[in-house]
Amino acid sequence: MLDRKLLRKEPRRVAEAARAKNEKIDIEQWLETDSARRTLMLEIEELRKQRNLFSKAVSAKKRSGENANAEVTQSREAGSRLSILESNLNEMDNRLYEMEKNFPNIPDSDVPLGGEEKNIVLQTWGEIPEFDFQPRPHWELMENVFQPEAAGRIAGSNFILFRGWAAKLQRTLISWMLDYHTETGMEEIWAPFVAKPESMTATAQLPKMDDDMYRIGRDNLYLIPTGEVPITNLYRDQLLEEADLPVRLCGYTPCFRREAGSYGKDNRGLNRVHQFEKVEMVRLEHPDRSDEAHEELLNHAAGMLKLLGIPYRVLLLASGDLSFAAAKCFDIEIWSAGQNKWLEVSSIANFRDFQARRGNMKYRPAGGGKPLFVHTLNGSGLALPRLIISLIENGQQADGSIKLPSALSERMGTEVIR
RNA sequence: GGAGAGGUGGCCGAGCUGGUUUAAGGCGUACGCCUGCUAAGCGUAUGUAGGGGAAACUCUACCGAGGGUUCGAAUCCCUCCUUCUCCGCCA
C-alpha cells in the first residue's frame with residue numbers, strides 16, 4: 001500500500017511508477033474519490049458533533065427532571081441524516097481501498113526503466129564448467145530417482161517426485177542451508193503452509209496473483225506460493241520496539257504455484273513445477289538501514305553458492321521485471337551445464353514500507369513517539385529444484401556419476417553419486 | 001463436530017443493571033526531582049487513525065469484525081472471526 005499523502009501530493013509519480021511496472025491504474029479516479037470523501041467527512045463530523053451535543057443535553061435535562069423532547073427530536077433528525085451520509089462514506093472508503101490495493105509499489109530511483117532486456121548484470125562469479133564429453137540435462141542424469149510420471153499419477157502433471165538419493169539430497173540441502181543461516185543469527189521458523197486472504201493481501205500476493213495460487217475454497221485458505229507469506233505475516237498487526245530491529249528470520253516451506261498459462265515454457269524436468277521446496281530469508285529492518293540489509297541478504301545468499309562451487313551471476317531487475325510489491329530486486333542466477341543457460345535461484349527484494357502498510361507492521365522509535373512502519377525484505381536462500389539441477393548437471397562426469405561439492409559430501413555420506 | 005468461557009490502549013486489567021468514562025488502575029516508556037553512583041522513591045507526561053490551525057491546541061472516529069435497537073452503545077440484540085477449557089473424532 002502506498003501512503004495516501006503521497007498519492008495526493010505526487011499522483012503523477014505514482015502513475016509513472018505503475019506504468020514502469022506495466023500496471024494499469026486510474027489515479028484520476030482515486031483523486032476524485034478521495035477529495036469527495038474528505039468533503040463528506042467534514043460534513044459528517046460536523047453533524048456528529050451536533051448530535052453528540054443534543055444527546056448530552058438530553059442526558060443533563062433528564063437528570064434534573066426537565067422535559068427533553070425538543071432535544072430528542074433534533075438529535076433524531078441529525079441521526080437519520082447521518083446514517084445516509086455514513087453509508088456513502090463507507091462505500092467511498094471501500095472504493096478507495098479497492099483501488100489502493102491495486103497500486104503497485106514505486107521502484108527505487110536506481111532501478112533501470114524497461115523490461116527484462118534492461119536488467120543489469122551486476123556481478124558474475126565462478127567458472128562455467130567445461131566438459132570433454134557432451135553434458136546431459138538433469139532429467140537424464142536423474143532417470144531413476146526423479147519420476148514426474150509417478151507424481152503426475154498422484155497429483156497431476158508438473159508435480160515432482162524424488163526417490164532415493166534425490167530425496168536425500170533435497171533434505172540434506174534444506175538442512176544445510178538452514179544451518180548456514182542460523183549460524184549467522186537468523187531465527188529459524190516453521191510456519192503454516194496455508195494462509196488466509198488477509199495474509200496474502202498483506203504481503204501483496206493478493207489481489208494480483210489470485211489466479212496463480214491454489215485455493216482451498218471450502219476453508220477460504222490459499223496454499224502459500226512462497227515462505228515469504230507466513231514468515232512475514234508473523235509480524236502482521238504487531239508493534240515492535242526499535243531495539244528489536246532488525247528481525248532476522250529464515251525458514252523452510254514448500255511453495256505451491258499454479259503457473260497458469262506457462263505450460264510448455266521451460267517446464268521440462270525440474271525447471272518449473274507446481275510444488276517446490278525453498279528456504280526463505282525474511283528481514284524486518286529500520287527504514288534507514290534497509291539498503292544495507294538488502295546488500296547483506298544478497299551476499300549472504302551468494303555465499304552459499306560459493307561454498308557449493310556453483311557459478312552464478314547477479315542481476316539488478318529492471319522496473320518491468322519487478323514484482324508488484326518490490327521497490328528493488330536482485331536476482332541470482334546459476335549455471336545449468338546440461339541446458340546451457342542461467343536459472344533464477346533467488347529473488348532478493350526490498351519492499352520498503354509497502355508490505356508493512358498493508359500488514360500494519362510498525363516499530364516504536366527509541367526515544368518514544370509515534371510508531372513508524374518497518375521496512376520488509378526477503379530473499380530465497382535458496383530454491384531447491386534449480387539448485388539441484390545445477391549441482392547435478394555441473395557435477396556430472398563422463399560415466400554419468402555426479403561429483404558432490406565438499407560442503408555436502410559429508411552430510412550425504414559420499415563424494416560421488418552413482 | 002458438540003458444550004461452555006473470553007476477545008478492552010505497547011502489555012496486564014476494571015467497566016458490561018446504557019448517559020460526569022473526554023476508557024479507572026497497574027506495568028512499561030519518556031522527562032524532571034531526589035540520593036555521592038546504581039536501585040528504590042516522588043512528580044509530570046504517554047493509545048491509534050483521520051480532519052482543521054503557523055502554533056500551544058482542537059474536532060471526529062475507534063473497546064475482535066460487521067449489522068441492529070436507542071436521542072445516546074465498550075455496555076443491550078443478531079451474524080461472523082478468533083483464543084481458551086471440557087467432550088467427541090483423528091495422525
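Values below: every heavy atom of this structure, side chains too, minus hydrogens, waters and symmetry copies. Here is how names work: the chains are called A, B, and so on, in the same order as the sequence lines, proteins then strands, and each is numbered from 1. Being a predicted model, the structure only gives us computed values, none of them experimental.
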Considering only B/G50, B/U48, B/U82, which nucleotide approaches the side chain of A/Arg37 most closely? B/G50
Quick check: do A/Leu297 and A/Asn378 have side-chain heavy atoms less than 4.5 Å from each other? no
Distance in angstrom units between A/Leu372 CG and B/A49 C1', rounded: 14 Å
Using Watson-Crick or G-U wobble geometry with both distances below 3.5 Å, tell me the partner of B/A49, or none. B/U60
Rounded to whole Å, the CG-P distance (A/Asn94 to B/G67) equals 10 Å
Distance between P atoms of B/U8 and B/G2 (Å, rounded): 26 Å
To the nearest Å, how far apart are A/Leu47 CG and B/G72 P? 12 Å
Please state the P separation for the pair B/C16 and B/G88 - nearest whole angstrom. 38 Å
A/Glu100 CD to B/G50 C1', straight-line distance once rounded to whole Å: 13 Å
With a 3.5 Å limit on both atom pairs, tell me what B/A40 is paired to, counting Watson-Crick and G-U wobble, or say none. none
Is there a side-chain polar atom (N or O) of A/Arg8 under 4.0 Å from OP1 or OP2 of B/G51? yes
Enumerate the residue pairs fulfilling side-chain hydrogen bond (donor to acceptor under 3.5 Å, both in side chains) with a member in residues 159-170 of chain A, sequence neighbours excluded, ordered by first and then second residue. A/Gln147-A/Arg163
Spacing of the C1' atoms in B/U70 and B/G7 (rounded, Å): 25 Å
Take atom C1' in B/U46 and the same atom in B/G25, then report the distance between them in whole Å. 15 Å
When rounded to the nearest Å, what value does the distance between P atoms of B/U69 and B/G15 take? 29 Å
Between B/A45 and B/G52 - C1' atom distance, rounded Å: 25 Å
Whole angstrom is fine here: how far is it from CZ in A/Arg38 over to P in B/C59? 21 Å
Could you work out the separation of B/G26 and B/G13 based on their P atoms and round it to a whole Å? 16 Å
Among B/G50, B/C59, B/A61, find the nucleotide with the atom closest to the side chain of A/Arg48. B/A61
Measure from OH on A/Tyr363 to C1' on B/U48 and round the result to the nearest Å. 17 Å
Cationic N near anionic O, under 4.0 Å, A/Glu86 to A/Arg48: yes
Using salt bridge (charged side-chain N to carboxylate O under 4.0 Å, His left out) as the criterion, list what pairs up with A/Arg358, not counting sequence neighbours. none
Length of the OH-P vector between A/Tyr97 and B/A49, whole Å: 17 Å
A/Thr201 and A/Lys101: side chain donor to acceptor below 3.5 Å: no
Counting only distance, no hydrogens or angles, is the base of B/G10 paired donor-acceptor with the side chain of A/Glu241 under 3.5 Å? no
Side chain of A/Leu239: nearest nucleotide among B/U48, B/G50, B/G10? B/G10
Hunt down the Watson-Crick or G-U wobble partner of B/U82, both distances under 3.5 Å, from any strand shown, or write none. B/G6
Using a 4.0 Å heavy-atom cut-off, does A/Lys362 contact any base of the nucleic acid, only the sugar-phosphate backbone, or nothing at all? sugar-phosphate
For B/A91, what is the paired nucleotide under Watson-Crick or G-U wobble rules, both distances under 3.5 Å? none
Heavy-atom nearest nucleotide on RNA chain B for A/Ala366 versus A/Glu45: which residue maps closer to 5'? A/Ala366
Please state the P separation for the pair B/U17 and B/A54 - nearest whole angstrom. 47 Å
Pair partner, B/G25 [Watson-Crick or wobble, under 3.5 Å]: B/C12
Considering just the side-chain nitrogens and oxygens of A/Lys370, establish if one lies under 4.0 Å of OP1 or OP2 belonging to B/G47. no
Let me spell it out: for each of A/Lys49 and A/Lys196, pick the nucleotide of RNA chain B with the closest heavy atom. Which residue's pick is nearer the 5' end? A/Lys49
Give me, pair by pair, the N or O atoms of the protein and of nucleotides 17-21 of chain B that are less than 3.5 Å apart, along with how far apart they are.
residue	atom	partner	partner atom	Å
B/G19	O2'	A/Ser59	OG	2.9
B/G19	O2'	A/Arg63	NH2	3.4
B/G19	N2	A/Ser55	O	3.2
B/G19	N2	A/Ser55	OG	3.3

Indicate whether OP1 or OP2 belonging to B/G66 is found under 4.0 Å from a side-chain N or O atom of A/Asn90. no
Under a plain distance cut-off of 3.5 Å, with no hydrogens placed, do A/Gln397 and A/Ser401 share a side-chain donor-acceptor pair? yes
If pairing requires Watson-Crick or G-U wobble contacts with both distances under 3.5 Å, which nucleotide is the partner of B/C34? none
Residues A/Arg236 and A/Asn233: side-chain donor-acceptor under 3.5 angstrom: yes
Figure out the CZ/C1' separation between A/Phe373 and B/U48, and round it to whole Å. 11 Å
Indicate the ring-plane relationship of A/Tyr214 and A/Phe256, choosing parallel, tilted or perpendicular according to the 30° and 60° boundaries. perpendicular
Parallel, tilted or perpendicular: which fits the ring planes of A/His181 and A/His300, with parallel below 30° and perpendicular above 60°? tilted
Once the angle between the rings of A/Phe159 and A/His274 is folded into 0 to 90°, is it parallel (under 30°), tilted (30 to 60°) or perpendicular (over 60°)? tilted
